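The block underneath contains the structure these notes are about, expressed in structure tokens.
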There are 2 protein chains.
Amino acid sequence: MNIEAGKFDDVCEINFTDEEAVILVRESMSEEAKVHRIAEMFKALSDPTRIRIIEALSIKELCVCDLANLLGMTQSAISHQLRLLRQNSILKYRKEGRVVYYSLDDEHVSEILNSVASHISHR
Amino acid sequence: MNIEAGKFDDVCEINFTDEEAVILVRESMSEEAKVHRIAEMFKALSDPTRIRIIEALSIKELCVCDLANLLGMTQSAISHQLRLLRQNSILKYRKEGRVVYYSLDDEHVSEILNSVASHISHR
DNA sequence: TTGATATATGAGCATATGTTCATATTTAGT
DNA sequence: ACTAAATATGAACATATGCTCATATATCAA
């Protein structure tokens with residue numbers, strides 16, 4: 001019945017509808033670490049403030065203060081979000097004196113964002 | 001100084017580094033509703049369980065029970081996640097008796113997932 | 001060095017999220 | 001009609017998230 005009987009006691013104990021298919025699918029699934037990394041990446045993009053930051057920076061490099069003014073949020077809030085985006089390799093920065101300019105680390109992210117935007121408009 | 005002085009008292013009160021740029025960027029930003037919808041879409045993709053579900057269904061249509069067995073999770077947990085993915089137009093389903101088969105609503109999602117996966121491997 | 005500016009960060013708080021548990025709903029078989 | 005099977009769903013709970021506040025760090029100007 002259950003492919004790994006006893007291992008997952010709380011799993012639905014019903015017979016497989018298509019056991020072979022499940023085995024086949026299981027073999028071609030990504031490793032756990034990769035799946036987690038992918039989910040993390042999407043999580044980094046899953047907040048309106050961060051989407052706005054990315055959208056703004058895809059138009060033009062900006063400093064923290066300009067971003068705070070642009071989005072009507074505190075410098076602290078923006079800075080926390082910038083850190084998260086940095087940690088996910090979505091943004092890079094350069095320092096010019098005490099001003100820190102942020103920009104997209106990679107145009108790939110901008111494409112992914114456009115891809116999702118167009119997916120949404122098509123429904 | 002502040003473009004909308006008094007409106008955001010807690011916003012960084014410093015002069016703009018480049019006020020014109022901020023005005024320019026502000027004009028080409030998406031509307032709030034659209035930004036929220038985009039973030040919501042990313043949020044739907046921001047969980048390892050949901051990534052696994054999408055990955056599995058991109059290979060083959062499966063029923064709820066098979067998904068639960070495949071992922072080693074309860075039927076209830078999977079069902080809750082499936083609802084979320086349905087609500088975001090990521091999955092569709094068809095009923096065959098009491099068995100409900102889920103599949104991707106659109107190959108676009110699969111492409112977005114691959115896009116993010118390749119972005120990650122490139123660093 | 002001292003004071004001011006630009007950014008970063010830790011702690012705390014309110015809200016959101018993912019899972020479990022119990023139960024409801026729907027359909028098939030007898 | 002009755003029972004069992006497959007799925008759906010509401011409530012509850014532990015953890016995660018995003019913002020604020022206070023404060024630290026870094027750099028410029030005098």
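Numbered from 1 within each chain, the chains take letters A, B, ... in sequence-line order. Note that the coordinates shown come from a computational prediction; the quantities given were computed from them, not determined experimentally.
- Rounded to whole Å, atom P of D/dA26 lies 12 Å from atom OH of A/Tyr93.
- Regarding A/Arg94, its CZ atom lies at a distance of 15 Å from the P atom of D/dT27, rounded to whole Å.
- Looking at heavy atoms from C-beta onward, A/Ser110 lies out of side-chain contact with A/Ile54 at the 4.5 angstrom threshold.
- Expressed to the nearest 0.5 Å, how far OG of A/Ser46 lies from CD1 of A/Ile51 amounts to 8.0 Å.
- Taking a 4.0 Å limit (strictly below) on heavy-atom distances, residues 77-88 of chain A reaches DNA chain C at A/Ser79, A/His80, A/Arg83, A/Arg86.
- Looking at residues two or more places apart in sequence or on another chain, you find no salt bridge (Lys or Arg N to Asp or Glu O under 4.0 Å) involving B/Asp47.
- Sorted pairs that involve residues 35-46 of chain B and meet salt bridge (charged side-chain N to carboxylate O under 4.0 Å, His left out), not counting sequence neighbours, are lacking altogether.
- Checked against side-chain contact (heavy atoms from CB on, under 4.5 Å), B/Ser115 has the following partners two or more places apart in sequence or in another chain: A/His108, A/Ile112.
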For residues 83-92 of chain A, which side-chain donor-acceptor pairs fall under 3.5 Å, sequence neighbours excluded?
from: A/Arg83; atom 1: NH2; to: A/His80; atom 2: ND1; distance (Å): 3.3
from: A/Arg86; atom 1: NE; to: A/Tyr102; atom 2: OH; distance (Å): 3.2
from: A/Asn88; atom 1: ND2; to: A/Leu84; atom 2: O; distance (Å): 2.9

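- The separation between A/Met73 atom CE and D/dT17 atom P is 16 Å, rounded to whole Å.
- By the salt bridge (Lys or Arg N to Asp or Glu O under 4.0 Å) test, A/Glu32 pairs with no residue at all, sequence neighbours left out.
- Among residues two or more places apart in sequence or in another chain, the salt bridge (Lys or Arg N to Asp or Glu O under 4.0 Å) test is passed with B/Lys95 by none.
- Taking both residues in full, the closest heavy atoms of A/Lys34 and B/Ala117 are given as CE-CB, 4.2 Å, listed atom of the first, atom of the second, then distance.
- For C/dC21, the OP1/OP2 oxygens have no side-chain nitrogen or oxygen of B/Thr74 closer than 4.0 Å.
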Chi angles and distances behind the side-chain contact (heavy atoms from CB on, under 4.5 Å) call for A/Leu45, A/Val116: CA-CA 11 Å; A/Leu45 300 171; A/Val116 167; over 6 Å; no
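- B/Glu96 pairs by the salt bridge (Lys or Arg N to Asp or Glu O under 4.0 Å) definition with B/Arg94, not counting sequence neighbours.
- Listed by first then second residue, pairs satisfying salt bridge (charged side-chain N to carboxylate O under 4.0 Å, His left out) with a partner in residues 99-116 of chain B read A/Arg123-B/Asp105, A/Arg123-B/Asp106, not counting sequence neighbours.
- Across residues 36-48 of chain B, B/Lys43, B/Asp47 each have a non-hydrogen atom less than 4.0 Å from an atom of DNA chain C (numbered order).
- Using a 4.0 Å heavy-atom cutoff across all strands shown, A/Tyr102 reaches sugar-phosphate atoms only and no base atom.
- Taking a 4.0 Å limit (strictly below) on heavy-atom distances, residues 52-63 of chain B reaches DNA chain D at B/Cys63.
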Sugar-phosphate or base contact per nucleotide [nucleotides 22-28 of chain C; S, B, -; heavy atom under 4.0 Å]: B---SBS
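- For the residue pair A/Arg52 and B/Met29, the shortest heavy atom distance occurs at O-CE, 3.4 Å.
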